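All of these numbers come straight from a predicted model, not from anything done at the bench.
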Amino acid sequence: MLTPIASAPLVLAAETEGIAAELSSGGFFAGTAWIMLVLPFVAFLAIVLVGKRMKGQGSELAVGAMGINLVWASVLFVQNMVGGIYREVNLTIGEIGTIAGHRLSFELGFVVDGLSIMMYWVVAFVGFLVFVYAVGYMKGDVRVPWFFASLSLFAGSMLVLVGAPNLIQLIIGWEGVGLASYLLIGHYWEHKENSDAAVKAFLTNKVADVGLVIGTILVGTALGSFRFSDLSEAAAAHSDTLGAVALAGGLLLFFGAMGKSAQFPLHVWLPDAMAGPTPVSALMHAATMVTAGIYLMARTFPLYHEMATEARPWMVTIAVITLFVLGFLALVADDLKRVLAYSTVSQLGYMMAAVAAGGYTAGLFHLFTHAFFKALLFLGAGSVIHAVHSNNMSDMGGLRRDMPVTFWTFVIGSVSLAGVIPFAGFWSKDEILATLGHEGYTGFMWVAIAGAFVTAFYMTRAVALTFFGTYKGHGHPHESPRVMTGPLVALAVPSVIAGLLNIPGVSWGPIRNFTDWLGARIVPMGDYHPSAIEWDLAAYGLIAAVAGIVLGWLIFSPEAATQAARDRLEVPVLYPLLRRKYYLDDLYMNGVVNPIKGPIARGVDWVNGYVIDAVVNGAGFVTVWLGHLVYGRLDQQGIDLVLNAAAGGTRGAGKRLGLVQTGKVQQYAGAFVVGALLLVVVFVIIT
């Protein structure tokens, strides 16, 4: 039964038991944070309705909505940096039912705390710059209004996801992001490979989403609530409410996160997602869709630390495989965007490994810094592609002279990704290494350091092939317009300085350390954050990065090798294996897709045509036969016969009675007198 919205209770969790009293409610901007969740959807509807008739074909509405969100999120961001904020609003829409004495409710609302504020700001900041960049990049495209409408739907769904106070609303935003990504990846649907990539991303994520939904059901029904705050309080109290369900629920939720955050072996959709326009790649791979799984693991961190601890080693193992093994695939990619896509998969492995190992802050800090330099790199790649009209590095070269702004900002993003001091990526990656070492995953820590070497190597290769040597394309390269280079410069700034926000043991006056304000709601149990810089470990990571850069330059610099020598570069066994992507795509196609499309599909069609249809058709035949029986025999020859006979008898009696209805008053009076006399005689005889 649905509870009327007008009478549904508003629950301000900032006032509930278990929340630190010193946290403020955040004032006006926190209380109206729901506006950030709604604005992109308003822009989506407005663009669909009137976008074609606007000068910018609806881009003004999309950029305007994200601009307002950026202002809103920036105020909350600054407020939370100087003083903790926590506010949660849950609106009960309806009751799902009662299970094991727990009344489960369907609730919508929003939460404002350290984690959500960080995500609000990252999505708004990166999203706004990507939207502005897209105005120039998509100029002259065939479907500009639909592109910006879908982009707004994408951003809005992500904000609904990160603002969710419970698992049910998170799933709603989660599926919205999946739908919007399908539309954006397949934006150029006229080409079959693009529509195939969209379908591949959608179906791969749907497989993982099964785990998310079942895990939500298990955890929510066992806990008696779908709220993250209730889960955190149960974990803080060391409650055994979930019991044996905790491990199963935790693993299923992690399986859902593996799809969105492209963890091995469900990563196969993400490189193919490069079929979408470059602004989509930047937004999807930096601040939105692919970080959703990391965000889910962070939101449910208390579950894994206190209740489902047995799941963590498995999670770390999968994450480390992702960060190391899949990073190698970038070594053989010629498509510049695919190099960055494999890099994204690898960096997501770093984030997931940190959170799973117990480094809540470390994983999220890398998510924070990665958003800036990865968005910068994708937009830089888009700037190059816009200039040379090709995605392939084999068609590039020597572009640093014609595209100086793109070149220098791309280099900044590359060295930050490689983890070179003092750029942002160095500080966040160093904290991940420290977490793995502190939590006893020493072997995995050295694998992660080796992964830093691989990252630096393939990014040096990308820079050398794209910007150095001689131009090998057929177009006339030129610097992109300011509407595209402006966002590059804006993203380059945090790619350099964002790491300063969480240097261990360093504070900046009234501005609190990232670790402190990220836990504004409740500091997760067991979150490891080093109290001082571990210089020896930092040195190992830096040496690996520098070694990768040096070796990459020695092999791929114009002075060291001609184009022919580069093309002949081949590592036996490894490179053929990498070009086939470890045969995973072949395995999925030959072991899953083709069997489903072939014998399984034919078998299902036969069952549908000869079994299910036979049952349906048989039921229809029986129904028709019963209809004829009921209508022809029972109704027509039974009920109708009786009714017609009764009607005929009534009609005959009426005709005979009509004979005495002459209309002559004298006859009526005589009949009355005769009848009265007969009654008197009968009365006398009886008495």
Side-chain angles (χ1 to χ4, degrees), residues 43-45 47-59 61-62 130-131 133-155 157 176-206 268-285 288-290 333-341 378-379 381-396 473-476 480-481 483-484 581 585 588-589 593-594 596-597 601:
F44 164 76
L45 292 174
I47 294 171
V48 170
L49 293 174
V50 301
K52 289 184 178 179
R53 295 191 288 273
M54 301 183 69
K55 183 178 180 181
Q57 295 190 284
S59 61
L61 297 172
V130 170
F131 278 41
Y133 177 96
V135 172
Y137 189 89
M138 299 300 292
K139 187 176 181 179
D141 193 84
V142 292
R143 288 181 291 274
V144 173
W146 181 241
F147 173 80
F148 279 100
S150 300
L151 210 58
S152 296
L153 177 64
F154 190 83
S157 298
V177 168
L179 171 62
S181 67
Y182 169 78
L183 299 174
L184 289 167
I185 294 170
H187 180 72
Y188 299 118
W189 49 264
E190 297 90 346
H191 303 287
K192 187 176 185 303
E193 61 269 21
N194 297 342
S195 60
D196 287 347
V199 172
K200 184 176 183 179
F202 189 81
L203 293 181
T204 304
N205 277 276
K206 291 309 107 184
V268 293
W269 68 269
L270 193 145
D272 290 358
M274 296 302 96
T278 298
V280 176
S281 303
L283 190 59
M284 181 186 300
H285 288 222
T288 53
M289 182 173 177
V290 297
D334 186 39
D335 187 321
L336 181 56
K337 287 172 63 178
R338 280 186 177 266
V339 172
L340 299 178
F378 268 109
L379 294 186
S383 179
V384 171
I385 294 167
H386 184 265
V388 303
H389 306 291
S390 174
N391 287 29
N392 298 328
M393 293 183 291
S394 55
D395 295 329
M396 301 174 187
H474 303 288
H476 300 283
S480 298
V483 71
M484 294 172 64
K581 306 173 188 176
D585 277 358
Y588 288 144
M589 289 299 297
V593 177
N594 290 337
I596 290 176
K597 292 169 63 176

Novice: Is there a side-chain contact between Y182 and V199 (heavy atoms, below 4.5 Å)?
Specialist: yes
Novice: Checking the side chain of R338 only, and the main-chain atoms of M274 only, is there a donor and an acceptor separated by less than 3.5 Å?
Specialist: no
Novice: Considering all heavy atoms of both residues, which atom of T278 and which atom of G382 are nearest to each other, and what is their separation?
Specialist: CG2-CA, 3.4 Å
Novice: Check this for me: K206, atom NZ, are more than 12 non-hydrogen atoms of other residues, nucleotides or ligands nearer than 6.0 Å?
Specialist: yes
Novice: Please work out whether the ring planes of F148 and F131 are parallel, tilted or perpendicular, with thresholds of 30° and 60°.
Specialist: perpendicular
Novice: What are the two closest non-hydrogen atoms of P277 and M138, and how far apart are they?
Specialist: CB-SD, 3.9 Å
Novice: Is there side-chain contact between F154 and M289, with heavy atoms separated by less than 4.5 Å?
Specialist: yes
Novice: Take the angle between the ring planes of Y133 and Y137 and call it parallel below 30°, perpendicular above 60°, tilted in between.
Specialist: parallel
Novice: From W146 CH2 over to K52 NZ, what is the distance, rounded to the nearest 0.5 angstrom?
Specialist: 10.5 Å
Novice: State, with a plain yes or no, whether a side-chain heavy atom of M396 is found less than 4.5 Å away from one of V384.
Specialist: yes
Novice: Is it the case that the side chain of D395 and the backbone of V388 share a donor-acceptor pair, with hydrogens and angles ignored and the cut-off at 3.5 Å?
Specialist: no
Novice: Do F202 and I185 have side-chain heavy atoms sitting under 4.5 Å apart?
Specialist: no
Novice: Do you know which of M589, K200, K581 makes side chain to side chain contact (heavy atoms under 4.5 Å, CB included) with V268?
Specialist: K200
Novice: Can you measure from CZ (R143) to CG (L183) and round to the nearest 0.5 angstrom?
Specialist: 11.0 Å
Novice: Just jot down the side chain to side chain contact (heavy atoms under 4.5 Å, CB included) partners of N391, sequence neighbours excluded, or say none.
Specialist: D335, K337, I385
Novice: If every non-hydrogen atom of A381 is compared with every non-hydrogen atom of L340, which pair is closest and at what distance?
Specialist: CB-CD1, 3.9 Å
Novice: Mind checking whether K139 and V483 have side chains closer than 4.5 Å, heavy atoms only?
Specialist: no
Novice: Quick one: does M284's side chain get under 4.5 Å of F378's, heavy atoms only?
Specialist: no
Novice: So M54 and L61, do their side chains get closer than 4.5 Å, heavy atoms only?
Specialist: yes
Novice: For the atom pair CG (L49) and CZ (F44), what is the distance rounded to the nearest 0.5 Å?
Specialist: 9.0 Å
Novice: Does K192 offer a backbone N or O that forms a donor-acceptor pair with the side chain of S195 under 3.5 Å?
Specialist: yes
Novice: Nearest 0.5 angstrom please: S181 OG to L270 CG, how far?
Specialist: 10.5 Å
Novice: Hey, which of I47, L179, L184, V48 is the one that makes side chain to side chain contact (heavy atoms under 4.5 Å, CB included) with S150?
Specialist: L184
Novice: For H386 versus G136, what's the shortest heavy-atom pair and its separation?
Specialist: NE2-O, 4.3 Å
Novice: Using every non-hydrogen atom in the two residues, find where S281 and A273 come nearest and quote the distance to one decimal.
Specialist: OG-O, 4.4 Å
Novice: Looking only at heavy atoms, which two atoms of S383 and S480 are closest? And how far apart?
Specialist: OG-OG, 2.6 Å
